[in-house]
Amino acid sequence: MIETAQAFGIDIGGSGIKGAPVDMNIGDIAEPRQKILTPEVSTPDAVGKVVKEMLDRFEVPDSMPVGIAFPAPIRPGKALNFMANLDKSWLGVDVQKALSDSVGRHVDVVNDADAAGLAEVQFGAAKGENGFVIATTLGTGIGSAMIYNGVLIPNSELGHLTLKGDDAEHYAAASVRENQNLGYKKWAKRLTRYYHMLETYFNPDLFVVGGGVSRMSDRFIPQIEIETPIVPAKLRNQAGIVGAAYHAMIHQD
């Protein structure tokens, strides 16, 4: 393990599990991340084995906090009641306990969108921003994180608010733009409706827009017509790893 890292982050996705040590002094990975394909049958046991393999590859010491970004609402000590991107056998499972048991050490688990939002507030596009920040990830769906004065309000699911009679993510996610072959101008109109709704309900001080599409932010963010400042994420694909590691470090015993 590289000596400049203070924590280790893992980002579990439906297709890949990525991990790297994180240097909290710079808010970035301390050495190149590694990726292992998510098991085709992604049961708790199968995913736990991949997490252990990742920790073994990097020879992560027992004293180092380990954080895991997970694609579901996480309530430590309580069973999972919703799962979209991994095997349904996760339902009814205490994710943090299951993964800790699999690797033989305590790991800290946080929702993946919350991890990315924390990373952007601490190290990225919202660094130094006081007040209420809503970070969103535009991808297959819409993930969200709500942070007030640096404190995470966990497990918000703002992509599932109703817009045009359906989940908002079925109307405005990046996947919808691709599947319906929408130009960025038309998509920006949909995003305007979505972010205006969030603006009306929550009155945030800043929106941060993440997800893979954020690298093309100049094509659509300037066309989102809302009053609240809205900026692209900076950490992009590293955000889940960095945010999970940060969450683990501040919650270590």
For E227, is the CD atom crowded, meaning more than 12 foreign heavy atoms sit under 6.0 Å from it? no
Spell out, yes or no, whether L198 and I226 are grouped together once hydrophobic residues are joined by side-chain heavy atoms under 4.5 Å, including indirect joins. yes
Any donor and acceptor pair, going by atom type alone, linking the side chain of W90 with main-chain N or O of S42 inside 3.5 Å? yes
Measure from the side-chain N and O atoms of S144 to the backbone N and O of S156, and report whether any donor-acceptor pair falls under 3.5 Å. yes
Go through the steps for I17 and I10 under the test side-chain contact (heavy atoms from CB on, under 4.5 Å), then give the verdict. CA-CA 7 Å; I17 297 174; I10 295 176; 3.7 Å; yes
If you measure only the distance, is there a donor-acceptor pair under 3.5 Å linking the side chains of D45 and T43? no
Test of ring centre spacing under 6.0 Å for Y195 and F207: yes
Check: H106 main-chain N/O paired with S100 side-chain donor or acceptor under 3.5 Å: no
Would you say that L55 contacts F8 through its side chain, given a criterion of any heavy-atom pair below 4.5 Å between the two side chains? yes
Is T228 reaching over with its side chain to a backbone N or O of D205, donor-acceptor style, under 3.5 angstrom? no
With a 4.5 Å limit on heavy-atom distance, are the side chains of S214 and R236 in contact? yes
If you round to the nearest 0.5 Å, how far is OG1 of T192 from CZ of F220? 11.0 Å
On a heavy-atom basis, the closest approach of A7 and A245 is CB-O, 3.6 Å
Looking at D108, N111, D114, which hits side chain to side chain donor-acceptor pair (under 3.5 Å) with H247? D108
Donor-acceptor pair between T38 and S15 side chains, under 3.5 angstrom: no
Is Q252 reaching over with its side chain to a backbone N or O of M249, donor-acceptor style, under 3.5 angstrom? yes
With L99, the side chain to side chain contact (heavy atoms under 4.5 Å, CB included) member among V93, D94, I68: I68
Take atom CD of E53 as the centre, draw a 6.0 Å sphere, and report whether it contains more than 12 heavy atoms from other residues, nucleotides or ligands. yes
Check for me, please, whether I29 and V121 land in the same ILVMFWY cluster - side-chain distances under 4.5 Å, paths through other members count. yes
Are any non-hydrogen side-chain atoms of N149 and F132 less than 4.5 angstrom apart? no
Is the side chain of E199 donor-acceptor paired with the backbone N or O of P204 at a distance under 3.5 Å, no angle test? no
Minimum-distance pair of heavy atoms, taken over all atoms of A233 and A125: CA-CB, 4.2 Å
Between V176 and R190, is the side-chain contact (heavy atoms from CB on, under 4.5 Å) condition met? List the steps. CA-CA 10 Å; V176 174; R190 295 192 178 201; 3.6 Å; yes
So which atom in A173 and which in G139 form the shortest heavy-atom distance, rounded to 0.1 Å? CB-O, 3.4 Å
Take atom CZ of R219 as the centre, draw a 6.0 Å sphere, and report whether it contains more than 12 heavy atoms from other residues, nucleotides or ligands. no
After noting the C-alpha distance and the side-chain angles of Q6 and N25, does the key distance pass the side-chain contact (heavy atoms from CB on, under 4.5 Å) rule? CA-CA 9 Å; Q6 296 83 31; N25 294 311; 3.4 Å; yes
Mind checking whether M216 and I224 sit in one hydrophobic cluster, side chains of I, L, V, M, F, W, Y counted as touching below 4.5 Å? yes
Taking the side chain from N155 and the backbone from I74, do they hold a donor-acceptor pair closer than 3.5 Å? yes
Is a donor from one side chain sitting under 3.5 angstrom from an acceptor on the other, for R75 and Q96? no
Go through the steps for L158 and Y194 under the test side-chain contact (heavy atoms from CB on, under 4.5 Å), then give the verdict. CA-CA 10 Å; L158 304 185; Y194 175 64; 3.7 Å; yes
Would you please indicate yes or no on a ring centroid separation below 6.0 angstrom for Y171 and W187? no
Are F82 and M146 linked, directly or through intermediate hydrophobic residues, by side-chain heavy-atom contacts shorter than 4.5 Å (ILVMFWY only)? no
Counting distance only, does the side-chain N/O of Q34 pair as donor-acceptor with the main-chain N or O of G19 below 3.5 Å? no
Spacing of CZ belonging to R33 relative to CG belonging to D11, to within rounding of 0.5 Å: 8.5 Å
Residues L91 and N81: closest non-hydrogen pair is CD2-C, 3.6 Å
Would a distance-only check, ignoring hydrogens and angles, find a side-chain to backbone donor-acceptor pair under 3.5 Å from D167 to E169? no
Take atom NE2 in H196; do more than 12 heavy atoms of anything else shown fall under 6.0 Å from it? no
Would you confirm whether D87, through its side chain, and V41, through its main-chain N or O, come within 3.5 Å as a donor-acceptor pair? no
Is Y148 atom OH crowded by more than 12 heavy atoms from other residues, nucleotides or ligands, each under 6.0 Å away? no
Side-chain heavy-atom pair I12, L86 within 4.5 angstrom cut-off: yes
Looking at every non-hydrogen atom in both residues, tell me the closest pair between E157 and P73 and how far apart they are. OE2-CG, 3.4 Å
Membership question, hydrophobic clusters at under 4.5 Å side-chain separation (ILVMFWY): are V103 and V95 in the same one? yes
Heavy-atom nearest pair, A115 first then G240, reads CB-O, 3.8 Å
